[in-house]
Chemist: 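I am attaching a structure below and will ask some questions about it afterwards.
Here the structure is a predicted model, which is why all the values come from computation and not from measurement. Indexing begins at 1, ligand by ligand and atom by atom, following the structure's order.
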Amino acid sequence: MTNKKTLFSGIQPSGLLTIGNYMGAFRQWVNLQNQYNCIFSVVDLHAITAIQDPQQLKSNILDSVALLIACGLEPEQNIIFVQSTVYEHCVLAWILNCQTFMGELNRMTQFKDKSAKNKDNINLGLLAYPCLQAADILLYNTSFIPVGADQKQHIELCRDIANRFNKNYEEVFTMPQPIIPTVGAKIMSLQNPLAKMSKSDNNTNSYIGLLDNTDLIMKKFKRAVTDSEANIKFDEEHKPGISNLIKLLHLATDTPIEEIEDNFYGKGYGVLKEKTAESIIELLKPIQDKYHQIREDQTYLSKIIDTGKDKAQAIAHDTITRVYKTIGLSLTG
Ligand code: ATP
Ligand code: LTN
């Protein structure tokens, strides 16, 4: 390890990764990987807060690792690992549960949203989700956490928990801070532009998967919900659907938003939808090509997962040893 600061982030293998995940998270991860000691995790223990089919979960985990590399993360330079392979996450999560108030967890918007969507499975894991997330972050002496805007509240709670522990015992945890992109922090659903694009949405037309093919991407954009005007203008409050398309076109092509508005002045929504679809198809093409190469090479993928586990565990174990000692628990063996 160098004396660079540590950056940590995670992604749930709860379905096919989307352009929301890419714009809000991975793009930053790729851009920041040379600046920090980076640790990226496929957080499968978080994903099981919703029911997952075991075979599907297994393949989603491998797909996610392969996609992270295909998006440009260098496995030699960074630690890329699967959360469940490092048991220390569960141990620290329990300890942090004991530092977290029920009122804090009940206030989390993600908990409220997910409980409302899955009324028959409001489990304890879903409530304690932010404690496991705090454990992910605090195990690695993390300074920075690049995430989409939806995760801001969880990171704030992680800081509160770390602070409380440090006060109740002694200064063990580094205080982390989020890095949230200025544009792209919240890509909206194509079917409901008032809700964030989410890979676990039951309506597959609401998101663009990173592995969707050309026809499907074109179809999904053509079906995207807009408004009844015919005016291509960036106005997230009054024109959320059109603004979401403009934002995606801006992010995919680096064209400034005002220039997009000028270029499309007087044109119909159909043209904007088509251009946005084309730009996303072009952006995803090299990622998809690289993904298929990597995904077929099981030996290569297993090696990355094993190496990632060993490197992550060495750091996590060191932290758990310190935490145990601090709170008066004993480690044997
Ligand atoms: P799920 O639908 O299963 O809750 P998700 O699609 O919200 O999952 P996560 O795996 O929970 O994705 O999040 C991984 C990263 O992607 C996080 O940093 C999150 O903030 C970011 N992210 C997720 N959705 C979006 C979005 N629509 N726009 C921008 N960033 C997003
Ligand atoms: N809850 C996060 C995923 C996640 C995460 C983390 C992100 C789990 N552990 C640690 C950053 C740091 C989400 O994006 N829904």
Side-chain angles (χ1 to χ4, degrees), residues 6-29 32 38-52 57 60-61 63-64 67-68 71 81-84 86 89 92-93 96 108-111 113-115 117-118 125-126 128-140 142-159 161 176-204 206-210 240 244 247-248 251 312:
T6 298
L7 174 149
F8 183 101
S9 202
I11 173 96
Q12 298 184 74
S14 46
L16 201 67
L17 307 188
T18 71
I19 49 167
N21 299 129
Y22 182 79
M23 299 302 186
F26 310 159
R27 242 165 64 114
Q28 281 62 246
W29 301 4
L32 294 165
C38 293
I39 309 180
F40 300 110
S41 185
V42 172
V43 292
D44 48 355
L45 295 170
H46 278 107
I48 60 167
T49 52
I51 305 265
Q52 305 287 343
L57 178 61
N60 282 346
I61 294 169
D63 291 354
S64 305
L67 260 172
L68 292 183
C71 285
F81 78 105
V82 178
Q83 184 191 35
S84 63
V86 178
H89 288 250
L92 185 58
L96 299 181
M108 293 293 113
T109 8
Q110 183 176 299
F111 173 66
D113 287 351
K114 297 224 163 177
S115 307
K117 275 194 204 143
N118 298 293
L126 199 60
Y129 181 115
C131 298
L132 178 60
Q133 182 164 352
D136 298 343
I137 296 164
L138 299 175
L139 272 176
Y140 299 97
T142 303
S143 295
F144 298 105
I145 315 155
V147 281
D150 62 309
Q151 292 303 307
K152 192 164 175 261
Q153 201 186 26
H154 284 171
I155 309 301
E156 276 161 13
L157 180 55
C158 169
R159 288 169 57 90
I161 298 171
Q177 63 186 74
I179 301 180
I180 296 174
T182 38
V183 185
K186 199 165 183 191
I187 301 300
M188 308 315 273
S189 153
L190 296 184
Q191 289 299 308
N192 173 10
L194 297 177
K196 90 166 179 130
M197 182 180 285
S198 170
K199 63 174 124 65
S200 58
D201 198 317
N202 290 331
N203 183 350
T204 56
S206 71
Y207 58 78
I208 303 290
L210 293 184
N244 198 34
K247 198 194 288 178
L248 284 169
L251 288 164

Chemist: Using a strict 4.0 Å cut-off to heavy atoms of Val43, name the atoms of ligand 2 that fall inside it.
Modeler: 8 (C), 9 (N)

Chemist: Looking only at protein heavy atoms, which one is nearest to atom 5 (C) of ligand 2, and how far off is it?
Modeler: Gln133 NE2, 3.5 Å

Chemist: Could you tell me whether some N/O pair between Ile187 and ligand 1 is separated by less than 3.5 angstrom?
Modeler: yes

Chemist: Taking N or O atoms only and a 3.5 Å limit, does Ser14 qualify as a polar contact for ligand 1?
Modeler: yes

Chemist: Is the His89 to Tyr140 ring centre distance short of 6.0 Å?
Modeler: yes

Chemist: Provide, to 0.1 Å, the distance between atom 19 (C) of ligand 1 and the closest protein heavy atom, together with that atom's residue and name.
Modeler: Asp150 OD1, 3.4 Å

Chemist: Show the atoms of ligand 1 that are less than 4.0 angstrom away from any heavy atom in Ile11.
Modeler: 10 (O), 14 (C)

Chemist: Starting from atom 11 (O) of ligand 1, which protein heavy atom do you reach first, and at what distance in Å?
Modeler: Gln12 NE2, 2.9 Å

Chemist: If you measure every N/O of Asp136 against every N/O of ligand 2, is any gap under 3.5 Å?
Modeler: yes

Chemist: Which of the numbered atoms in ligand 1 are below 4.0 angstrom from a heavy atom of Ser200?
Modeler: 1 (P), 2 (O), 3 (O), 4 (O)

Chemist: I want to confirm something. Looking only at heavy atoms, which of Lys114, Lys152, Lys199 is nearest to atom 4 (O) of ligand 1?
Modeler: Lys114

Chemist: In ligand 2, which numbered atoms sit nearer than 4.0 Å to a non-hydrogen atom of Ile145?
Modeler: 11 (C), 12 (C)

Chemist: If we check ring-ring contact (aromatic ring centres under 6.0 Å, His included) with Phe40, which of these qualifies: Phe26, Phe8, Trp29?
Modeler: Trp29

Chemist: I want to know if ligand 2 touches Ser9 in the polar sense, i.e. an N/O pair below 3.5 angstrom.
Modeler: no

Chemist: Considering only heavy atoms, which of Asn21, Ile19, Ile145 lies nearest to atom 22 (N) of ligand 1?
Modeler: Asn21

Chemist: Show the atoms of ligand 2 that are less than 4.0 angstrom away from any heavy atom in Gln12.
Modeler: 15 (N)

Chemist: List every atom of ligand 2 that sits less than 4.0 Å from any heavy atom of Tyr129, numbering the atoms from 1 in the order shown and giving each element.
Modeler: 1 (N), 2 (C), 3 (C), 13 (C), 15 (N)

Chemist: Could you check which of Ser189, Ser198, Gly148 puts a non-hydrogen atom nearest to atom 17 (C) of ligand 1?
Modeler: Gly148

Chemist: Under the 3.5 angstrom rule, does the side chain of Gln177 hit a backbone N or O of Ser143 as a donor-acceptor pair?
Modeler: no

Chemist: Quick one: which ligand 1 atoms are inside 4.0 Å of a heavy atom on Gln151?
Modeler: 20 (O)

Chemist: Just to be sure I read this right, does ligand 2 sit under 4.0 Å from the backbone of Leu132, its side chain, both, or neither, counting only heavy atoms?
Modeler: neither

Chemist: I need the atoms of ligand 1 closer than 4.0 Å to a non-hydrogen atom of Lys186, numbered in the order shown.
Modeler: 28 (N), 29 (C)

Chemist: Looking at ligand 1, does any of its N/O atoms fall within less than 3.5 Å of an N/O of Met197?
Modeler: yes

